[in-house]
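What follows is a single structure, written as structure tokens, with notes after it.
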Amino acid sequence: MIDELDLAFDEQAEKGRPRHRRGFRGSKGGGGKGGKSAVAFLMVFILLGVLGVGGYLGYSKIKGFFTAADYDGPGTDPVQVKIPKDASLTEIGNVLYDADVVKSTAAFTEAADANPKGKNIQSGTYNLRKQMAAEQAVTLMLDPKSRVTNGITIPEGKTANQVYEILAKATGVKVADFKNAAKDPEALGVPAFWFNRTDGQKKTKSIEGFLFPDTYEFPPKGTAAEYLTLMVEHFMNVANEVDFVKQAETQRNISPYEVLTVASLAQAEAGNAEDLGKVARVAYNRLYGDDFHCKCLEFDVGINYYYQLTGRPTKSSGKMTDKELFDTKNPYRLHGKDGLTPTPINNPGKAALQGALAPPKGNWLYFVAIDKQGHSAFTNSYPQHEKNIETAKKNGVL
């Protein structure tokens with residue numbers, strides 16, 4: 001019966017197509033899919049009327065030509081499904097179909113289109129069930145409780161080693177795995193040009209500075225390389241937002257890597273967001289100005305960074321000996337070396353990046369924290385700097 005009905009349908013549809021398509025084009029304002037569906041359904045009802053009740057037995061097969069295959073009910077066995085970033089509704093439907101969550105991609109896209117919030121479905125990993133009605137699958141994916149998240153906060157100014165510790169504790173991935181993955185920053189998404197320098201120092205390719213501080217929702221059961229790649233990608237997105245590369249090369253007239261290094265130094269030295277740009281200005285004045293006694297940095301925060309890299313215990317600058325401050329084996333030492341540190345010394349946030357790109361104008365050469373709120377006093381006079389140090393001591397800061 002179905003074969004005869006198919007032939008009858010094709011014959012009648014072919015004969016009736018010109019007249020009905022013109023009529024439905026006028027009512028729909030453009031014809032196309034809506035008109036074709038209306039004609040098809042009309043022909044079905046005409047044929048069913050001609051064939052009688054017996055023909056109705058084939059209706060369940062015929063209707064599959066016009067309605068998307070769908071499951072009924074809330075589903076069966078639990079299943080986790082990962083939706084890729086920037087996936088369209090059709091691509092999401094394909095993923096769900098492959099996982100046997102929905103019976104057809106079309107059923108999912110139709111259900112998503114019918115839901116006012118259907119286009120808000122995000123990428124990520126979801127706890128769903130197999131063989132769900134598409135409408136229920138859409139509803140479940142819009143419920144935040146069904147989305148598997150692994151929220152991990154990386155504070156501003158943490159070194160790469162500190163980031164690995166945080167990630168390892170939260171994800172279960174070993175610190176050693178993160179260190180191994182970080183050995184090749186370019187493989188994690190850092191373009192090679194980022195390591196160029198203008199100060200004559202050799203390139204030192206490090207992931208330091210590129211692990212952007214933020215709260216991340218990492219996919220479960222990821223690898224160290226996958227997690228670090230997501231952080232690098234986030235850094236690159238923020239760098240694009242602030243036009244970092246162009247601004248570094250045109251406004252600061254040095255390489256982006258050197259500006260990133262200054263941002264990390266400011267992040268380490270500034271006690272609050274207000275002083276980030278001022279600390280960056282001090283660094284530039286010392287390195288590229290004519291009023292400091294050398295073209296050197298003389299920020300002691302780099303010394304502890306080197307200690308951390310080499311597994312030595314860190315200490316406050318006030319407790320460091322002259323031997324430690326002047327140690328020629330330490331490439332991040334306080335004195336005796338012109339130019340910037342070999343690499344950034346931590347992972348700065350957006351405010352520090354912007355402060356290093358566009359610091360406020362000022363002739364400052366010295367600064368010191370003077371209160372417990374982290375505010376610093378800035379000056380270009382060393383005698384005034386000594387007075388500021390005394391103020392810091394009185395306030396219990398030093």
Side-chain angles (χ1 to χ4, degrees), residues 157 197-202 204 209 247-272 274-306 316-318 320-346 348 352-370 374-393 397-398:
R197 305 188 69 118
T198 64
D199 59 1
Q201 293 196 50
K202 70 175 184 178
T204 303
Q247 293 298 320
E249 294 173 344
T250 59
Q251 300 299 321
R252 300 267 59 84
N253 200 31
I254 56 179
S255 75
Y257 196 59
E258 290 164 89
V259 177
L260 177 60
T261 300
V262 171
S264 74
L265 292 163
Q267 188 76 72
E269 289 280 13
N272 54 62
E274 299 173 10
D275 289 342
L276 287 167
K278 291 182 178 180
V279 174
R281 175 57 69 186
V282 171
Y284 292 136
N285 287 345
R286 289 184 178 184
L287 291 168
Y288 309 115
D290 297 321
D291 298 324
F292 203 51
H293 66 89
C294 65
K295 301 291 184 183
C296 56
L297 187 63
E298 294 199 353
F299 280 17
D300 57 20
V301 289
I303 296 174
N304 271 327
Y305 176 72
Y306 183 68
S316 65
S317 57
M320 290 181 183
T321 65
D322 284 348
K323 182 179 180 181
E324 291 169 328
L325 292 172
F326 299 123
D327 184 5
T328 57
K329 294 180 181 179
N330 184 346
Y332 297 83
R333 63 186 177 272
L334 182 61
H335 300 296
K337 183 175 179 62
D338 291 349
L340 282 166
T341 53
T343 69
I345 64 169
N346 58 45
L353 297 178
Q354 292 174 311
L357 281 174
K361 293 181 178 180
N363 60 358
W364 313 299
L365 294 172
Y366 310 97
F367 65 94
V368 62
I370 57 172
H375 297 95
S376 293
F378 295 80
T379 181
N380 68 327
S381 165
Y382 191 74
Q384 180 60 48
H385 179 56
E386 290 183 314
K387 293 180 181 179
N388 293 338
I389 291 175
E390 292 302 316
T391 299
K393 291 178 178 178
V397 179
L398 291 179

Checklist entry - What's the verdict on side chain to side chain contact (heavy atoms under 4.5 Å, CB included) for E269 and D300, showing C-alpha distance, side-chain angles and the deciding distance? => result CA-CA 9 Å; E269 289 280 13; D300 57 20; 3.8 Å; yes
For [X] and [Y], which heavy atoms make the closest approach, and how far apart are they?
X	Y	value
G209	P344	CA-CB, 4.1 Å
I370	A377	CG2-CB, 3.8 Å
L276	A352	CD1-N, 3.8 Å
A270	V279	CB-CG2, 4.0 Å
R197	P342	NH1-O, 2.7 Å
G355	A280	O-CB, 3.8 Å

Next on the checklist: For L340, is there any backbone N or O sitting under 3.5 Å from a side-chain donor or acceptor partner on Q201?
Outcome noted: yes
Are side-chain heavy atoms of [X] and [Y] found at a separation under 4.5 Å?
X	Y	value
I345	F299	no
T341	Y306	no
Y332	V301	no
R286	L297	no
N253	Y288	no
D290	K295	yes
E298	L287	no

Item to check | Salt bridge present between K329 and D327 (N-O < 4.0 angstrom) | outcome: no
Residue list, side-chain contact (heavy atoms from CB on, under 4.5 Å) with [X], at least two apart or on another chain:
X	value
T321	K323, E324
D322	L325, F326
Q251	Q247

Checklist entry - Taking only residues two or more places apart in sequence, or in another chain, which ones meet E390 in a side-chain hydrogen bond (donor to acceptor under 3.5 Å, both in side chains)? => result none
Next on the checklist: D291: which residues meet the side-chain hydrogen bond (donor to acceptor under 3.5 Å, both in side chains) condition with it, sequence neighbours left out?
Outcome noted: none
Drop me the distance from [X]'s [atom1] to [Y]'s [atom2], to the nearest 0.5 angstrom.
X	Y	atom1	atom2	value
S376	N272	OG	CG	7.0 Å
N346	L265	CG	CG	7.5 Å
T328	R333	OG1	CZ	6.0 Å
T391	E386	OG1	CD	12.0 Å
N388	Y382	CG	OH	11.5 Å

Item to check | side chain to side chain contact (heavy atoms under 4.5 Å, CB included) assessment of R252 paired with V262 | outcome: CA-CA 11 Å; R252 300 267 59 84; V262 171; over 6 Å; no
List the atom pairs, with distances to 0.1 Å, where a side-chain N or O of residues 356-368 and a protein N or O form a donor-acceptor pair under 3.5 Å, not counting sequence neighbours.
none

